Every structure is written in structure tokens, then in C-alpha cells.
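This report refers to the structure that appears directly beneath it.
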Number of protein chains: 2
Amino acid sequence: MSARKQRQVASDAGLSKQRVVVEAIRLADREGVNGLSMRRLAGVLGAGAMSLYHYVANKEELLDAMIDVVFEEIELPPEGTDWQSAMRRRTLSARQVLARHPWAIGLMESRTSPGPAHLRHREAVTACLRRAGFSVLMATHANWLLDVYVYGFALQEASLPFDTADEFTDMAKDVFLPQLPPDEFPYLNESAAALVAAGYDPAEEFMFGLDLVLAALEPLRAAA
Amino acid sequence: MSARKQRQVASDAGLSKQRVVVEAIRLADREGVNGLSMRRLAGVLGAGAMSLYHYVANKEELLDAMIDVVFEEIELPPEGTDWQSAMRRRTLSARQVLARHPWAIGLMESRTSPGPAHLRHREAVTACLRRAGFSVLMATHANWLLDVYVYGFALQEASLPFDTADEFTDMAKDVFLPQLPPDEFPYLNESAAALVAAGYDPAEEFMFGLDLVLAALEPLRAAA
DNA sequence: TACTATTCTCGTACGGTGTACGATTGTCAA
DNA sequence: TTGACAATCGTACACCGTACGAGAATAGTA
């Protein structure tokens, strides 16, 4: 039994909770969360729909497990550096991961209890902040604020209808500006024009806000 | 015909896009976005399910319209004050509105084109920032950052399993702490204990981060 | 080896979903 | 009166999550 279970966890042939969740994530990445149905998932796994329920109590639990796997993909803050570098590292990683799995962001609103990977991440971040000299309460504020930044950014980025600076330029000219009568939206026209001229890079935007937040948090920690 | 249409827009008796969307929002507020189905919505409107499709092309369009009505509820930045007060006012309003309609946050991820109310809000915010002395590009950064803050906060707040400080205290003692073995999560234990002692108020947390962001943006505008 | 217990698979069915299609009615202009 | 059009909605189809229970495969025990 344990030998068989061992084999199933590792191999590609048999089912396992691992494989169900991982394949569910791949499916959601490909088709969006609305394209993820138990029947379709069973299909790509080469199984009957009801077989999945041996590994997952219901679809809600599957979604919870998917979210926690996403959290596992996010790098923990490294230990050997200053707190700002550590936070930059883990938030950048989070941005990449959430951009890879945009469906995860919309799912968070409805799911309230954090999974084990989520908790481990939170513990590591709190540890980093406390060791950097933030008080208990200030570390809580900083933790919350940085999470707000990461999720808020990911949420906005996911709702952008373009991925690269070039795509933005095209869309701005062909789609955005025609929808913005200059007399009704003078300032948005001005913005759009400036952004088309300067180019728009979400990664740069991320760094701008992140550095601003980190710099504003810096004086709130007690000296080391 | 136009008299009839007029009557329908105003009255409670007949259907209209207005009424369909408004009732859909009430239903989503009450039962969550998963409880909103065309049949149920038609039910509370006293109509057949297919009648709704005369006012809305499909459910996606209904959801888009719902989101834009939510944006309409958010106060525009007032004009007679300094930019920080104006931003405080409109972000606080946004937080309240999004807390009232938590389903709206999760919906934003999948919907890419802003509705008219969204655009009007954006225009007003950009105007406020530009008049306060921010450059075109800096106003874009500030606009983006403040939106990140509002949506990120709303997203996190929506995923909290409690609403008030008292509820938090109860849940922390009965639910959170038992899930956190002190040897594995020493820092989260420390945090939780401190928060239980100090009390936890989401509204305060919102002001903390908002003031921090506003203060950090202040030096980035050119003097007036 | 034989029997039993447990784990795993999944076919069928039920009540829900979004919505295409077409029939029906009510209201108007000519 | 007639013909166009706006509005309503019954029916049907393909899909959804999953309860139930039957059957096959495997493990543990004698």
C-alpha cells in the first residue's frame, strides 16, 4: 500500500491528489478558471469524472489546494540580506507567479482560510521584518501593506488587456483613445498620449510603487 | 413608445436594464456572485428567465454593467480641497463601496474594459492630481499606485473571515491560534497575540497604509 | 492459498446552469 | 386594417457539480 502510494505520487500513470491539483492548475492557466470543470479535468487526466472525488472532497477543496500550490511557487524572502532586498525578491516573485496564474487572484476574495504554504510564507516574511527591527505591530502593518501592494498590483495587471509595452501602444492608439472624447476626458487623453510616447512597462511600474512603499516603511523600524 | 419607455425606466413595475442590473447587484450582495443566476434574478424580478435577454446580451454583459454601477457609487474626489484630502475622501468611499459589494473585486480580474463610470472616476482623479502639481507621468504613477492600494486592500479585507475587532478577537483565540504550532510559527504567534491584545480594526489599518502612501507621494509633485 | 476488508474507479442520474430558437402577445405608424 | 417592431417567455440542449452505489483491484490475515 505504502509502496503503491509512493509510486502514485511520483509517477505519471496513476492518479493522486498531487497530480489532480497540478493538472487543474495547468488547465486553469490554459483556459481560465471558467474552463476548469471536473469533467474536463478528469478528461485530461484520462479518468472518469467521479474518480476525482476520491482525492478531493469537492470543487471548493480543489480550488483551495490550487491556491496553496500557487503560494508554494512564490519564493520565500532570502535570509542573508537586508530586509528591503528580501522583500523586493519575494514580492517580485509573487508578481511573476500571480501573472502566470491570474485566476488565482480572483479566487482569493472568496476563500478565507490560508493554506499551509500561505502560512509558511507569512511566517517567513514576519520573521524577516522582525529581525530587521520592526516592532510586532509595525511588522503587522508592513506585512499587510506589502501584501496589499502585491495583490492589488496583480489584480490591476490581470485586468490589463495587454502584456507588453508594444501591445499597449497598439491598443492605446486603436482602442483606448477612440473611446475617450478629448472634451470629456482631457486629462486621460493627455495621460494616454504621454504613455504612448514614453512607452509603458508594467515591470517598471511595479518597481516604482514597491520602492516608494519600501522607502516609506524604512524609517518606521527601530534602528538595528 | 417613448412615453412607455420613460415609464419603465422610472417605475418599479416594468422591466428595464436599470432594474435588471440593480436587482442583480442586490442579489449578489445577498447571496454572493455564485448565487446570482439568470433564473433566480428573473424570479425576484417576477419575470421569465429569457426576458432578461432583452435588456442584456448575456451574463457577461450583465456583470460588466453591475461593476460599472458599483463604480458609480464611489464618490468622485471633491474639488475644493488639497489633493491629499481629496484622495482620502475618494479612496475611503471606494473601500466602503467595495466592502458593501465584495463580489465586485473578484470580478475585476476577468473583465478588461472599463465602463463609463470607471472612466469618469479616473478622469476626475487624474485631474485632481495634475492640478495638484504632479507631472503627467507622475500623475499616472500616483493614480496607479492609489488604485493598487484600494483594490489590494479591498481584496484582502474581503478574504478576512471577520468584520469587526471583536469578531477578530474571538476567531483568533478559537480558530487561528490553534492552527499555529508555536514552534513552527513563532512569529505569527507573537503577532496574533499582540493583535488580540491591541485589538484589530480594518479601518485603522486602511488609514495607516493610505497616509503612508500619500506622504510618500507628496514630495513627488512639483511645487504649486 | 483463500477470505475479507479496504481502496479505488466510475456509470448513472438529479437538479442546477447559460442561452439558442421560435412562438406569442401588445403597441404603434401608416 | 395592416404590417412592423418591441417585449415576453416556454421549450430544449449542452453543460455543470456531485449523491449514490456497484464493481474491480489490491492489501492484510489466516
Side-chain angles (χ1 to χ4, degrees), chain A residues 1-25 27-28 30-67 103 106-107 110-111, chain B residues 1-25 27-28 30-67 103 106-107 110-111:
Chain A
M1 189 258 277
S2 88
R4 178 165 192 269
K5 190 158 195 174
Q6 207 58 33
R7 213 180 57 241
Q8 287 208 352
V9 170
S11 108
D12 276 10
L15 287 180
S16 71
K17 179 156 183 180
Q18 264 263 34
R19 218 162 92 72
V20 168
V21 174
V22 165
E23 212 61 44
I25 290 178
L27 189 53
R30 236 180 312 133
E31 320 257 359
V33 76
N34 287 340
L36 169 66
S37 79
M38 299 303 271
R39 279 178 241 257
R40 295 238 290 154
L41 177 56
V44 308
L45 285 164
M50 291 315 291
S51 302
L52 305 183
Y53 286 88
H54 202 253
Y55 302 94
V56 161
N58 47 44
K59 196 179 183 182
E60 287 290 290
E61 193 190 289
L62 172 62
L63 294 175
D64 281 337
M66 289 168 67
I67 294 244
W103 46 266
L107 243 43
S110 49
R111 213 135 309 278
Chain B
M1 188 257 277
S2 87
R4 178 164 195 269
K5 190 157 195 174
Q6 209 57 34
R7 213 180 58 241
Q8 287 207 350
V9 169
S11 107
D12 275 10
L15 287 180
S16 71
K17 179 154 182 179
Q18 264 262 37
R19 220 163 90 72
V20 168
V21 175
V22 165
E23 212 60 44
I25 291 177
L27 189 53
R30 236 179 313 132
E31 319 258 359
V33 76
N34 287 339
L36 169 66
S37 79
M38 299 303 270
R39 279 179 243 258
R40 295 239 292 156
L41 178 54
V44 308
L45 285 164
M50 291 314 292
S51 302
L52 305 183
Y53 287 89
H54 195 72
Y55 303 94
V56 161
N58 47 44
K59 196 178 182 182
E60 287 290 290
E61 194 191 288
L62 172 63
L63 295 175
D64 281 337
M66 289 167 68
I67 294 245
W103 46 266
L107 245 42
S110 49
R111 211 131 321 273

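Note that the structure is predicted; figures quoted are calculated from it, not measured. Heavy atoms only: backbone and side chains are in, while hydrogens, waters and symmetry mates are out. Letters go in sequence order (proteins before strands), and every chain restarts at 1.
Rounding to the nearest 0.5 angstrom, the gap separating the CZ atom in B/R19 from the OH atom in B/Y55 is 9.5 Å. Rounding to the nearest 0.5 angstrom, the gap separating the CG atom in A/L62 from the CG atom in A/L36 is 6.0 Å.
Between C/dT17, D/dC16, D/dT8, one nucleotide has an atom nearer to the side chain of B/S37 than all others, and that is C/dT17.
Between the CZ atom of A/R40 and the P atom of D/dA14 there is a distance of 17 Å, rounded to whole Å. Rounding to whole angstrom units, CG of residue B/L36 and P of D/dC16 are separated by 20 Å. Straight-line distance from the CD atom of B/E61 to the P atom of C/dG18: 15 Å, rounded to whole Å. Across the protein-nucleic acid pair, B/L52 atom CG and D/dT8 atom C1' stand 11 Å apart, rounded to whole Å.
Taking A/E61 as the reference, A/K17, A/V56, A/A57, A/N58 meet the side chain to side chain contact (heavy atoms under 4.5 Å, CB included) condition, with sequence neighbours excluded.
In terms of phosphate contacts, B/S51 brings a side-chain nitrogen or oxygen within less than 4.0 Å of OP1 or OP2 of D/dC9. At the phosphate of C/dT9, OP1 or OP2 sits under 4.0 Å from a side-chain N or O atom of A/Y55. Contact annotation: B/H54 side-chain N/O to D/dT8 OP1/OP2 distance is not under 4.0 Å.
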Which atom pairs, one a donor and one an acceptor, fall under 3.5 Å between side chains of residues 39-49 of chain A and the rest of the protein, sequence neighbours left out?
{"from": "A/R40", "atom 1": "NE", "to": "A/G35", "atom 2": "O", "distance (Å)": "3.2"}
{"from": "A/R40", "atom 1": "NH2", "to": "A/E31", "atom 2": "OE1", "distance (Å)": "3.2"}
{"from": "A/R40", "atom 1": "NH2", "to": "A/G35", "atom 2": "O", "distance (Å)": "3.4"}

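Residues A/I25 and A/W103 have side chains in contact (heavy-atom distance under 4.5 Å, counting atoms from C-beta outward). The closest side-chain heavy-atom distance from A/R111 to A/I67 is below 4.5 Å.
Counting any heavy atom pair closer than 4.0 Å across all strands shown, B/A47 reaches sugar-phosphate atoms only and no base atom. The residue B/L41 sits apart from the nucleic acid: no heavy atom pair falls under 4.0 Å.
What you find for A/A28 and A/M66 is that their closest heavy atoms are CB-CE, 3.9 Å.
Remark on DNA chain C: of its neighbouring residues A/G46 and B/G35, the 5'-side contact belongs to A/G46, judged by nearest-heavy-atom nucleotide.
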Tabulated below should be each protein N or O lying under 3.5 Å from an N or O of nucleotides 18-22 of chain D; please produce it.
{"from": "D/dT18", "atom 1": "OP2", "to": "A/Y53", "atom 2": "OH", "distance (Å)": "2.9"}
{"from": "D/dT18", "atom 1": "OP2", "to": "A/K59", "atom 2": "N", "distance (Å)": "2.9"}
{"from": "D/dT18", "atom 1": "O4", "to": "A/R39", "atom 2": "NH1", "distance (Å)": "3.4"}

